[in-house]
Amino acid sequence: MSDAVPGSTLAGVPVPPALGDTPADVPVAPAATRPRRRLRLWIPLGVIAAYLVTGLFGPMIARYDPIATSVVDRLLPPGSRLSDGSLALLGTDQVGRDLLAQIMQGARVSMLVGAATLLLAGTVGTALGILCGYRGGVVEAVVMRLADIQLAFPSILLAVFVAGVLGASVTNVVLTLSITTWPIFARVARAQTLATTSRDFANAARTLGAGPWHVVRHCVLPAVASPLLVIATVQLGFVIVAEASLSFLSLGIPPGTPSWGTTIANGRDYLASAWWIATLPGLVLAIFVVCVGVLGDELRDRSDPNLSTR
């Protein structure tokens, strides 16, 4: 039996590594970090799932009207009993509205706005990015310069300007945030399309007579899907914060529809006497955004083969 080290040479003949040996230049995640990485994935997913369930079914379970007012029950702290004997778990606001019901309804509105915005902005941005990356020419120059100009302008200021022109409504908020978000999807889709169309499998498909739509559908779209999913996850937090900011400035969701930003704005004048009105919705918003950010970072790490923690 030879004592040669795997990977060395014996009489000029390379000795292959034994089964189970790992080359030194291949990064391997330490075993101690694997439970931590699983926690980074499953804890944010669990919190986001809880928010989704609360937004979808919470208003039906709580049985509270989020816009019903009661002057007798105004500014009650968390855990107080209302005049009708029911429990205000998170207290009431300055006109006696139940804060828990407003937060649940606000979760539904925020999820709706976030999903609709990412769907619209992602569809438009991905289509334009693939078109620019595959065709090029004048269309690419015009669309990409427009995206560069828009990205150079602060997105929140652009959102405030567009929302001020269009007015306050859920539809206008979705359109406003889509206008400010599509360039990110377009640039990522264009870069991925340029990298994919120059690969050997795409050239082979064109050599065999495949048309542009076949190449885009079978070669480009599968390569674009993974990075765009990561971008959409990261952008979800920014979109919801932007919606809350617009609602805080009375430029987003109409006052009759509860939202996190509107509820926080209602409590800004009562921070000294009724801190829970603005603090609790702000805390709920902060937890959601942090979980979305952690989930986006973890998905990015898992989709990037160059990271040593993969």
Side-chain angles (χ1 to χ4, degrees), residues 44 47-48 50-56 58-59 61-83 86-114 117 154-157 159-160 163-164 167-170 172-173 176-177 236-294:
V47 174
I48 294 172
Y51 273 78
L52 291 174
V53 172
T54 301
L56 291 176
I61 297 175
R63 299 293 182 183
Y64 289 113
D65 188 352
I67 60 176
T69 61
S70 176
V71 180
V72 179
D73 300 321
R74 63 188 302 269
L75 300 179
L76 293 179
S80 300
R81 287 287 177 181
L82 302 180
S83 58
S86 59
L87 177 65
L89 188 62
L90 299 182
T92 60
D93 62 4
Q94 69 275 16
V95 293
R97 292 175 296 191
D98 185 78
L99 196 60
L100 177 60
Q102 293 188 63
I103 292 177
M104 288 182 177
Q105 187 67 29
R108 173 180 293 184
V109 172
S110 296
M111 300 301 170
L112 175 62
V113 170
T117 300
S155 59
I156 188 62
L157 294 181
V160 169
S169 70
V170 176
N172 291 342
V173 170
T176 299
L177 297 179
L236 177 61
F238 291 107
V239 167
I240 291 181
V241 169
E243 179 271 321
S245 301
L246 293 177
S247 299
F248 183 86
L249 299 173
S250 301
L251 295 174
I253 306 300
T257 303
S259 69
W260 289 340
T262 304
T263 306
I264 295 173
N266 292 335
R268 59 187 169 185
D269 296 330
Y270 299 90
L271 290 176
S273 58
W275 55 268
W276 55 88
I277 302 177
T279 302
L280 294 181
L283 184 62
V284 169
L285 175 61
I287 292 175
F288 180 80
V289 173
V290 169
C291 289
V292 170
V294 172

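Along the sequence shown, the residues carry numbers beginning at 1. No experiment lies behind these values; they were computed from the predicted model shown.
- A distance-only check finds a donor-acceptor pair linking the side chain of T117 to the backbone of V113 [under 3.5 Å].
- Minimum interatomic distance between L251 and A163 (heavy atoms only, all atoms of both residues): O-CB, 3.5 Å.
- At least one donor-acceptor pair closer than 3.5 Å links the side chain of W260 to the backbone N or O of I103.
- Listed for the R74 side chain is no donor-acceptor partner under 3.5 Å among the backbone atoms of V71.
- Side-chain contact of T263 with N266: a donor-acceptor pair under 3.5 Å is absent, judged by distance alone.
- Because its NZ or CZ atom is not both nearer than 6.0 Å to the ring centre of Y51 and within 45° of the ring axis, R108 does not count as a cation-pi partner of that residue.
- The backbone N or O of P258 lies less than 3.5 Å from no partner atom in the side chain of T262, so there is not a single donor-acceptor pair.
- I253 contributes atom CD1, which lies 8.0 Å from atom OG of S169 (distance to the nearest 0.5 angstrom).
- In this structure, the side chain of W276 does not engage the main chain of L99 through any donor-acceptor pair within 3.5 Å.
- Side-chain contact between E243 and S259: present, with at least one pair of heavy atoms (C-beta onward) separated by less than 4.5 Å.
- A donor-acceptor pair under 3.5 Å is absent between the side-chain atoms of S110 and the main chain of A107, judged by distance alone.
- With 3.5 Å as the limit, one finds a donor-acceptor pair spanning the side chains of D73 and S83.
- Among V47, I240, L283, the one residue that satisfies the side-chain contact (heavy atoms from CB on, under 4.5 Å) test with F288 is I240.
- Closest approach of L236 and G114 over heavy atoms only: CD1-CA, 4.0 Å.
- Annotation for F238: atom CZ does not count as buried by contact number, only 12 or fewer foreign heavy atoms lying within 6.0 Å.
- At a threshold of 4.5 Å between non-hydrogen side-chain atoms, the residues L280 and V284 do not count as touching.
- Contact between L87 and S80 at its shortest, heavy atoms only, is CD1-O, 3.4 Å.
- L82 approaches A88 most closely through the heavy-atom pair CD2-CB, 3.8 Å.
- Checked by atom type and distance alone, the side chain of T92 pairs as donor or acceptor with a backbone atom of L75 at under 3.5 Å.
- Here the shortest heavy-atom pairing between S250 and A168 reads O-CB, 4.3 Å.
- The minimum heavy-atom distance between G167 and N172, with the atom names listed, is O-ND2, 3.3 Å.
- Here the straight-line distance linking atom CG of D98 with atom CG of D93 works out to 9.0 Å at 0.5 Å rounding.
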